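I have placed the structure first, in the form of structure tokens, so that the comments after it can refer back to it.
Because the structure is a prediction, the values reported are computed rather than measured. Per chain, numbering begins at 1; letters A, B, ... match sequence-line order. Reckoned from all heavy atoms, side chains included, excluding hydrogens, waters and symmetry mates.
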Protein chains: 2
Amino acid sequence: MNIKDVAALAGVSPATVSRCLNNTGPLNEVTRARIEKVVELTGYDVNQAFKQVDWNHNPTIGVMIPSLLNPVFSEIVSGIQKRARHFGYSVIVVDTQYERSLEKQAIIDLIRQRVAGVILTTASVEDNEALSLLREFNFPFCLVHNQSSDEPCVYVDNYQAGSEVAEQFLALEHKRIGMVAGRFQSSDRAKQRYLGFTECLKKDSSLSSVQLVEVDQYALTPFDQTQSSLFDSSSAPTAWFCSNDLLALKLVNHLKTKGVLVPETVSVVGFDGMALGQILYPPLATIQVPHHDMGLCAVDLLFNAKHKSALSLARKLDYQTHFVGTVAECQPSIMRNVL
Amino acid sequence: MNIKDVAALAGVSPATVSRCLNNTGPLNEVTRARIEKVVELTGYDVNQAFKQVDWNHNPTIGVMIPSLLNPVFSEIVSGIQKRARHFGYSVIVVDTQYERSLEKQAIIDLIRQRVAGVILTTASVEDNEALSLLREFNFPFCLVHNQSSDEPCVYVDNYQAGSEVAEQFLALEHKRIGMVAGRFQSSDRAKQRYLGFTECLKKDSSLSSVQLVEVDQYALTPFDQTQSSLFDSSSAPTAWFCSNDLLALKLVNHLKTKGVLVPETVSVVGFDGMALGQILYPPLATIQVPHHDMGLCAVDLLFNAKHKSALSLARKLDYQTHFVGTVAECQPSIMRNVL
DNA sequence: TTGTAGGCGTTATCAT
DNA sequence: ATGATAACGCCTACAA
């Protein structure tokens, strides 16, 4: 049963049937009724294989993230998914397992899938092949957690947030301060947090320099010998800023194992505000980042990149970061959107 | 520039060009070289709009889960994604936000997307519209965490796991024992865990009956008045089995807030073995479920549902659950696969 | 190994 | 305003 058969049974031309089925062009009500009846009776279904696909409207968004195992990104994807569905879009997810080398191929695969656009978080925006590809093809995209001055992206002001943590530490009159961060090369965000943190600490000239511990961020293994000694020595910092919540929990674990009380003796602050940190006792001190909302926002910005329309939506939502946990409340650092 | 032009320039028929471009059918090496040269010189690109899409091989797997915010499911999706990519497949993810009413539409959307198959976790397999739909259309699918006697599914033996927790509690000579679980109606797994748990406890006739606390599983809010009183009374259980790790953490939080020591005074055991539970101090006692591997397995079973071939793959992997954490090691409960 | 011809749904164009 | 026709680009069964 094909469109010609239906046309014959309805006593019209195939073109008329097509117009009826696709609601394109004018149509006599009587004719429409006759055609619809035939379609219903015969159970005719257009042969998708021969349908000219409207590649310009494949209602699917491609998402590329480092890992779904990090709550940060599953929260983002969750937000993307929610807003995408609101617009009738599906979501294809690809994780790169923090492998920069996989990013390019992942983007190629997504483009091949003819997604309408791509939302992505990369290790770094510098010398990024995946990003170059998107730009070269003029493919709609939106960065999350990465920054670009003239392209759609949604991020928090990591520098500012870092300095706010520093403010807290100064207010608590800590004298020995340290930071634990993932390797800067695999996360430009961590570096910004570090810069804002150290810069602000310079206000107090009596402080010795900040102890920096760079670790392989996503290994859930314990700290190695060298790192441990930095945490355990008698002159170790009494306040640690960790570049993400997982590191913070790892550090808290390490300290507690050594009998050190957190937060009574040593302060530890994380970054992300993952939900799990708040069902612990005591709750993890952290910078709350609205990852879910960032996901929502990314979808709006992506669409905006094609047809300017979602700007107002982004404005309506109250995107902010704020301190929660055992240390203190603190002024929110604003999440900036570049449009 | 169309295929006919290329054919003319290469001095062959359009069919030959098509065969060359799609690697279908035999082809003379000389002819191939000539055609490829013409394609290169003219920069010819097939007109996608007229390409007959091979809907039978849309290399995409649809995944429907309750929520990406639960680490259990993001781990599963991560595994699915990994194995899918290994086979050159992409993954479309839909979460239902634990809304049973959204399941049917989610499946319809996935089928409309012409995914090759669907991997899903439902609230319950009883009277399930989404499942009926898949069966009706004879659509390839694989259940995760749900059970079916004659359809592809991957799950752990919740009954057995529950009884193993009971064994541990008996070995530790607890006399007052309780269980905290999400509403059974929204998780048939939780009910199985409960049944196995209580059944095993009957071995010790001196025990009073198990205190059951049913809660709204996914609310991250504290326990209400009624529930709290069950945890805090002087005759409250000294050992609690929670139907998942999030509940366990919530309970530990509650107890610690009240000054109760865990695990010294009260034992709490969770279920899932989410990675985060193990970077806490002390680590959360739990039943480890290999969610990532279950994701891998689900992909194999899905493919197996179409072309019997992946069975051996599933066998090679060492799917097991085992105890980790502060309570004890314990015999593994086997994860069973139905093929 | 290669060519021929027929088939698909959409849409531009033409005819009422 | 409404309906008919033909061309479009590709794939593929079948013939040579």
Side-chain angles (χ1 to χ4, degrees), chain A residues 1-60 88 111-116 137, chain B residues 1-60 88 108-109 111-116 137 306-307:
Chain A
M1 181 65 58
N2 60 31
I3 200 173
K4 225 180 263 179
D5 299 325
V6 175
L9 289 172
V12 297
S13 73
T16 306
V17 177
S18 175
R19 274 194 285 254
C20 176
L21 263 37
N22 300 297
N23 277 319
T24 161
L27 199 54
N28 184 316
E29 269 312 309
V30 182
T31 313
R32 146 157 278 131
R34 200 161 58 233
I35 294 173
E36 278 173 352
K37 183 151 196 181
V38 173
V39 169
E40 187 181 340
L41 289 174
T42 60
Y44 167 71
D45 194 17
V46 293
N47 186 337
Q48 299 286 352
F50 281 92
K51 197 170 170 111
Q52 284 170 251
V53 182
D54 181 2
W55 292 115
N56 290 337
H57 188 67
N58 178 0
T60 302
I111 294 179
R112 286 229 175 97
Q113 295 259 345
R114 309 272 165 174
V115 296
F137 289 162
Chain B
M1 181 62 59
N2 62 30
I3 201 173
K4 224 180 265 178
D5 299 325
V6 175
L9 288 171
V12 298
S13 75
T16 307
V17 177
S18 174
R19 275 192 286 256
C20 176
L21 264 37
N22 300 298
N23 278 319
T24 163
L27 199 55
N28 184 318
E29 269 313 308
V30 182
T31 313
R32 147 158 277 132
R34 201 162 57 232
I35 293 173
E36 279 173 352
K37 183 153 195 180
V38 173
V39 169
E40 187 181 339
L41 290 175
T42 60
Y44 166 71
D45 195 18
V46 293
N47 186 336
Q48 299 286 353
F50 280 92
K51 197 171 169 108
Q52 284 171 249
V53 182
D54 183 1
W55 293 115
N56 289 338
H57 188 66
N58 178 2
T60 302
I108 290 175
D109 290 343
I111 293 178
R112 286 228 177 98
Q113 296 260 343
R114 309 271 165 176
V115 296
F137 288 164
K306 305 182 77 170
H307 27 272

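- One distance of note links CD1 of Ile3(B) with CG of Asp45(B); it measures 11.5 Å at 0.5 Å rounding.
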Please test Val6(B) against Met1(B) for side chain to side chain contact (heavy atoms under 4.5 Å, CB included), starting from the C-alpha separation and ending with a verdict.
-> CA-CA 7 Å; Val6(B) 175; Met1(B) 181 62 59; 4.1 Å; yes
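- Checked by atom type and distance alone, the side chain of Thr42(A) pairs as donor or acceptor with a backbone atom of Val38(A) at under 3.5 Å.
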Full working for side chain to side chain contact (heavy atoms under 4.5 Å, CB included) between Val17(B) and Lys4(B) = CA-CA 9 Å; Val17(B) 177; Lys4(B) 224 180 265 178; over 6 Å; no
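- Interatomic distance, CZ of Arg19(A) versus CG of Leu21(A), reported as 12.5 Å (0.5 Å rounding).
- If you walk DNA chain D from 5' to 3' and mark each nucleotide with an atom closer than 4.0 Å to a heavy atom of chain B, the marks span dC8(D) to dT12(D).
- Between Phe50(A) atom CZ and Asn2(A) atom CG the span is 10.5 Å, to the nearest 0.5 Å.
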Do nucleotides 3-11 of chain C as a string where each nucleotide becomes B, S or -: B if the base has a protein heavy atom under 4.0 Å, S if just the sugar-phosphate does, - if no protein is that close.
-> BB--BBBSB
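- Distance check, rounded to the nearest 0.5 Å: NZ of Lys37(A) to CG of Leu9(A) gives 13.0 Å.
- For Thr31(B), a side-chain nitrogen or oxygen approaches OP1 or OP2 of dT2(C) to under 4.0 Å.
- Listed by chain and residue number, Thr16(A), Cys20(A), Arg32(A) satisfy the side chain to side chain contact (heavy atoms under 4.5 Å, CB included) test with Leu27(A) (two or more places apart in sequence, or in another chain).
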